[in-house]
There are 2 protein chains.
Amino acid sequence: MSITDRKFEIDRDSKTPLWLQIRNELFNSLYRDELRPGQLIPNEKTLVELFQVSIGTIRKAVGVLEKEGFLIRKQGLGTFVFQHDSNSFLFEYFHFALNGTEKQESPTVEFISFETKKASKSEAESLNIPAGSSIHKIYNKLGLNKKFYIIDKIIISQDKFHGLNEEIFKNRANTIYNLYQNKFNIFITNCSEKLKAISSNEKISKLLDIDLGSPILKIDRIGQTYHNETIEIRTSYVHTSDIEYIHSQNSTFGEAL
Amino acid sequence: MSITDRKFEIDRDSKTPLWLQIRNELFNSLYRDELRPGQLIPNEKTLVELFQVSIGTIRKAVGVLEKEGFLIRKQGLGTFVFQHDSNSFLFEYFHFALNGTEKQESPTVEFISFETKKASKSEAESLNIPAGSSIHKIYNKLGLNKKFYIIDKIIISQDKFHGLNEEIFKNRANTIYNLYQNKFNIFITNCSEKLKAISSNEKISKLLDIDLGSPILKIDRIGQTYHNETIEIRTSYVHTSDIEYIHSQNSTFGEAL
DNA sequence: TATATTATATCATATATATGAATTTTTTTT
DNA sequence: AAAAAAAATTCATATATATGATATAATATA
């Protein structure tokens, strides 16, 4: 259903502000896929008619969604739905740079393996799927500057990625999140990472060509979509001799609405 | 000089929008300490008269500074300058939680040592001070749940913290950044952290009561004030058996203006 | 055809104004 | 003196409107 045909119910007597109601309605349209990644959304004048509010209220609602990262406004052009692609990937989810440098380069990605198997208990729990469900387990190698430093293990539910196989995964033209988005209609909206230092085991040592027991940065990432539905578990094993994980922030930034 | 006595120069013919000019003027007032941490800033009506623009333009400028974390608006009360204190500390700069938990508890902090010495070449370089200048080197121990997991090494220039000594540091009533802010008029506005996995050396092993060579998370943090002036170098050595470093984010959040 | 011009569409900035909500202060009442 | 009520202060929401900036499309011109 097109968004311009929708009937939106805005309650002028509600205690929640109009702009927030509209923000939520637009958010739901994203969630329900009435507005798709990359798509041009109706212009402000049309939204005014659709919601029967003033343009200032529309701009406030759209502005919040823009700050949240769901929409992108372009002056003279229109407002678009954010999409995962090779440009956005770089600065969003890849947090490594060569020692001492700030500039984040695009990593080289090399496929290692693709398996489909039964989820372990903890894997099933993290993905919130029934115990014993099928999952895809994918290994990748990531590098910077012609050397590989990172092993990525990706775990996703088979059910949510119907038809996914090694060929499709390997032949994707863009990022992994772009594949999720375009082929499987799953849009990753947020990630949470937990970092630890561990000793490398035999498998990791071999894959990264380092000594057994070397200190390794282990990153557990949970990738979620709308309404905090967990889609992906990704574990990164990083040899941090030449590269480092970067995390910058401003005063209270990050905790704001 | 009080901000209400200042003469602000707003250029209505400039290509930079009024709201941005005003945002910058207010930012400079923060930088120049005409507006101090915790202070109530003039109300919107006063700002309208001060800058001779409409209230919408003022609200836009203040709104941006609020999003950036420099101001905090309270309906019915006024707008205040953000300040470092024990409440804000928790969720801003401490990124650890016990394994599996999300909730961030306040860490226990225990003083280890306070030294004043000559800066090494790399320390001087990082702090952007002349080679051989005096610095303070402070060690702390941080813990959660009655166990210590973190050793913090803090390095600051003696020049910028005139009169600081062990007693003053130990007897502070609040956070370290609060001490900088209130006693030395230095306001930390942003931090950048770089993480690595290393093997613990003898000193760290002893301090954290762990085996020599255990994998350790090493965090190099640069604390800066207005205009990216580096104030503090902090290195954390973290034993991540029971705790983990947490980093969450939304789609494009973090890269927005 | 290629280039310059003009028109159109769309978001950005700015003003003016009215009403509401939350907090504090002042006044009145008991 | 204490409690309740009223007033004042301040930010929040919402409308209406005008002009500017930017990108694209359509048209006219060389």
Side chain of A/Lys60 - closest among C/dA14, D/dT13, D/dA16: D/dT13
Interatomic distance, B/Arg23 CZ vs C/dT13 P [rounded to whole Å]: 14 Å
Sugar-phosphate, base or nothing in reach of A/Lys45, heavy atoms under 4.0 Å: nothing
From D/dA12, C/dA14, C/dA12, nucleotide with atom closest to A/Arg73 side chain: C/dA12
B/Asn128, CG: over 12 other non-hydrogen atoms inside 6.0 angstrom: no
Donor-acceptor pair (no angle test) under 3.5 Å: B/Gln75 side chain, C/dA21 base: yes
Aromatic centroids of B/Phe161 and B/His136 separated by under 6.0 Å: no
Side-chain ion pair, B/Lys160 and B/Glu229, N-O less than 4.0 Å: yes
Spacing of A/Trp19 atom CH2 relative to C/dG20 atom P, expressed in whole Å: 19 Å
Protein-nucleotide distance (A/Arg12, atom CZ; C/dG20, atom P), rounded to Å: 13 Å
Nucleotide nearest B/Ile55 when distance is taken to its side chain, options C/dT17, C/dT15, C/dA12: C/dT17
Nearest-Å distance for atom pair CD1/C1', residues A/Ile58 and C/dC11: 13 Å
Among C/dT15, D/dT13, C/dT13, the nucleotide that comes nearest once only the side chain of B/Val53 is considered: C/dT15
Distance test, side-chain N/O of B/Asn43 to OP1/OP2 of D/dT9, below 4.0 Å: no
Integer-rounded Å distance: D/dT17 P and A/Arg59 CZ: 17 Å
Spacing of B/Asp13 atom CG relative to D/dA21 atom C1', expressed in whole Å: 16 Å
Electrostatic pair A/Glu102-B/Lys194, nearest N-O below 4.0 angstrom: yes
From B/Phe184, B/Tyr180, B/Phe187, residue fulfilling ring pair (Phe, Tyr, Trp, His ring centres under 6.0 Å) relative to B/His84: B/Phe187
Rounded distance in Å - CG (B/Leu20) to C1' (C/dT13): 12 Å
Residue matched to C/dT30 through Watson-Crick or wobble contacts both under 3.5 angstrom: D/dA1
Distance test, side-chain N/O of A/Thr79 to OP1/OP2 of C/dC11, below 4.0 Å: yes
For atom CG of B/Leu47 and atom P of D/dT9, their distance in whole Å: 17 Å
Closest nucleotide among D/dA14, C/dA14, D/dT24 to the A/Leu77 side chain: D/dT24
